[in-house]
Visitor: 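Quick one: structure below, then a few questions.
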Number of protein chains: 2
Amino acid sequence: MKLLDNASIKPFSVDECADRLVNAVPLVMKVIRKEIRNNRPSYLSLPQFRVLAFVHRREGASLSDVAEHIGITLPTASKLVDGLVKKDLVLRKYSTCDRRRAVLNLTAQGSAVLEASGAAIQPGVARMLATLSPEDLYVLGRAAEVIQHVFAGECISKKPFPANNSNTKTS
Amino acid sequence: MKLLDNASIKPFSVDECADRLVNAVPLVMKVIRKEIRNNRPSYLSLPQFRVLAFVHRREGASLSDVAEHIGITLPTASKLVDGLVKKDLVLRKYSTCDRRRAVLNLTAQGSAVLEASGAAIQPGVARMLATLSPEDLYVLGRAAEVIQHVFAGECISKKPFPANNSNTKTS
DNA sequence: TCTAATAGTTTCATAAGCTAAGTATATTCG
DNA sequence: CGAATATACTTAGCTTATGAAACTATTAGA
């Protein structure tokens, strides 16, 4: 599929493109954060919400995964998860093949809470896009694809956990 | 300027586009945050760094501006700025036309610190883009433009401060 | 087995965050 | 003008988040 009119585009250099991304992405992020803030349940702090969302994306993740991908240290991750476990939103088991390794999963309640809040984020962004031309929307949509393709790799842990969670035991 | 081959594009709906953005933007943001974390001086916490960067973008900003745009409450902003003032990175004066209003500016040292760290962020993102085709780079660059256009409005304070900072006095 | 490495937890101190209450300055309106 | 209200920020008091360092338990290596 031919997507762009190659005759008329003047491609950006990698550096200029990075520059632009660094400036633009935080603007969107601010809106997203604001929506999260306004839509998460009051008993969930923002850091806790982030952990919850991560566990949703990566069921079975370990504490190290959480720490690494959210950008916090292990002790902090451990304590945040403590809170989520006490609230009955996350299940913390330990892998049977490596009993040091924590295996985190959402409880049914955790999924429900996350979905309810998560659904509210997208409309906030959508409102910002309401006035855009089809062409601009297309550019944004395509850019998101490119980003997914290039940046999603960061989300794969080096030491993958077993796909099934059947070989775990509660603490 | 004709940018896209209109004959071949199938535009996304606003909702789908928002969906994609919500998924893609955090991926880039993670890389940016990581770069900041790794490149900021150790004596600057991440929240402090954010405040410093904001004051850089908006010299003469008030505490309310900081609070609103970073997404924290006024007391928190006040204390973060306290820390930056103690470190001699930010100057806190008060407007003479409205002596309640704080006027924040970077010190020379603040500018230096910020530039040194800031310069290191872009290359991290650039590395991620190294393998992209000119076409993909173009899409990203254009998308950033669109985002700037739509989302930057959030960054303009309703009550602009006086352009010159000459009519301020130290506390 | 004895040593090292890994995954988490605990402890302790500090920073960040909020709400509520307080201070000082501006504005509004009778 | 002068009292009431609003604004901009600060302070106080508390909870949560955060990281460094030390500790426990498990696994891997020599």
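As the structure is a computational prediction, the values presented were derived from the model and not from experiment. Letters A, B, ... mirror the listed sequences (proteins, then strands); counts begin at 1.
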Visitor: Do any side-chain nitrogens or oxygens of S45(B) fall under 4.0 Å of OP1 or OP2 in dT18(D)?
Guide: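 For S45(B), the contact criterion (side-chain N or O under 4.0 Å from OP1 or OP2 of dT18(D)) is not met.
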Visitor: Can you identify which nucleotide, out of dA8(D), dT18(D), dT26(D), has its nearest atom closest to the T76(A) side chain?
Guide: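 My answer, after comparing the listed nucleotides, is dT18(D).
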Visitor: Taking NZ from K86(B) and P from dT10(D), how many angstroms apart are they, rounded to a whole number?
Guide: 12 Å
Visitor: Does the side chain of R92(B) get closer than 4.0 angstrom to OP1 or OP2 of dT10(D) through an N or O atom?
Guide: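 Yes, R92(B) has a side-chain N/O under 4.0 Å of OP1/OP2 on dT10(D).
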Visitor: Please pick, from dG8(C), dT25(C), dG19(D), the nucleotide with the shortest atom-to-atom distance to any side-chain atom of R99(B).
Guide: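 The answer is dT25(C).
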Visitor: Could you check how far NZ of K87(A) sits from P of dT15(D), rounded to whole Å?
Guide: 14 Å
Visitor: Please tell me if Y94(A) has a side-chain N or O lying less than 4.0 Å from either OP1 or OP2 of dT24(D).
Guide: no
Visitor: Please confirm whether any donor atom in the side chain of R100(B) sits under 3.5 Å from an acceptor in the base of dT7(D), or the reverse.
Guide: yes
Visitor: Closest nucleotide of DNA chain C for D82(A) versus for R37(A): which of these residues is on the 5' side?
Guide: D82(A)
Visitor: Before accepting this row, confirm whether a basic side-chain N of the pair R127(A)/E35(A) lies closer than 4.0 Å to the acidic partner's carboxylate O.
Guide: yes
Visitor: Under the side chain to side chain contact (heavy atoms under 4.5 Å, CB included) test against V90(A), which residue among L52(A), L80(A), V66(A) passes?
Guide: L52(A)
Visitor: Using a heavy-atom cut-off of 4.0 Å across all strands, would you classify S64(A) as base, sugar-phosphate, or nothing?
Guide: sugar-phosphate
Visitor: Of the listed nucleotides (dA8(D), dC18(C), dT9(C)), which one gets closest to any side-chain atom of L74(A)?
Guide: dT9(C)
Visitor: Consider the side chain of T73(A), meaning its heavy atoms from C-beta on, and name the nucleotide among dG19(D), dT27(D), dC18(C) that approaches it most closely.
Guide: dG19(D)
Visitor: So how far is it from R37(A) CZ to S117(A) OG, rounded to the nearest 0.5 Å?
Guide: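 These two atoms lie 14.0 Å from each other.
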Visitor: Please lay out, stage by stage, how D19(A) and D15(A) fare under the test side chain to side chain contact (heavy atoms under 4.5 Å, CB included).
Guide: CA-CA 6 Å; D19(A) 241 357; D15(A) 279 342; over 6 Å; no
Visitor: Given dA15(C), is OP1 or OP2 found less than 4.0 Å from the side-chain N or O atoms of Y43(B)?
Guide: no
Visitor: What is the distance, to the nearest angstrom, from the CZ atom on F49(A) to the C1' atom on dA17(D)?
Guide: 18 Å
Visitor: Using a heavy-atom cut-off of 4.0 Å across all strands, would you classify L46(A) as base, sugar-phosphate, or nothing?
Guide: nothing
Visitor: Do the numbers put R20(A) on top of the ring of F12(A), so that NZ or CZ is under 6.0 Å from the six-membered ring centre and no more than 45° off the axis?
Guide: yes
Visitor: Starting at the 5' end of DNA chain D, which residue's closest nucleotide do you reach first, K79(A) or S78(B)?
Guide: S78(B)
Visitor: Rounded to the nearest Å, what distance is computed from the CD1 atom of residue I72(B) to the C1' atom of nucleotide dC9(D)?
Guide: 14 Å
Visitor: Starting from the 5' end of DNA chain D, give me the residue, Q48(A) or P75(A), whose nearest nucleotide shows up first.
Guide: Q48(A)
Visitor: Please state how far atom CG in L84(B) lies from atom C1' in dA15(C), giving the value in whole angstrom units.
Guide: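 Rounded to whole Å, this separation is 13 Å.
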Visitor: Rounded to whole Å, how long is the line connecting atom CG of L63(B) with atom C1' of dT23(C)?
Guide: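 In whole Å, dT23(C) C1' lies 15 Å from L63(B) CG.
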Visitor: Take D65(B) and R57(B) through the test salt bridge (Lys or Arg N to Asp or Glu O under 4.0 Å) and record every step on the way to the result.
Guide: CA-CA 11 Å; D65(B) 292 336; R57(B) 276 208 309 286; over 6 Å; no
Visitor: Whole Å only: how far is the CD atom of E68(A) from the P atom of dG19(D)?
Guide: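 Rounding to the nearest Å, CD of E68(A) and P of dG19(D) are 14 Å apart.
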Visitor: Please give, in whole Å, the distance from dG8(C) P to D98(A) CG?
Guide: 8 Å
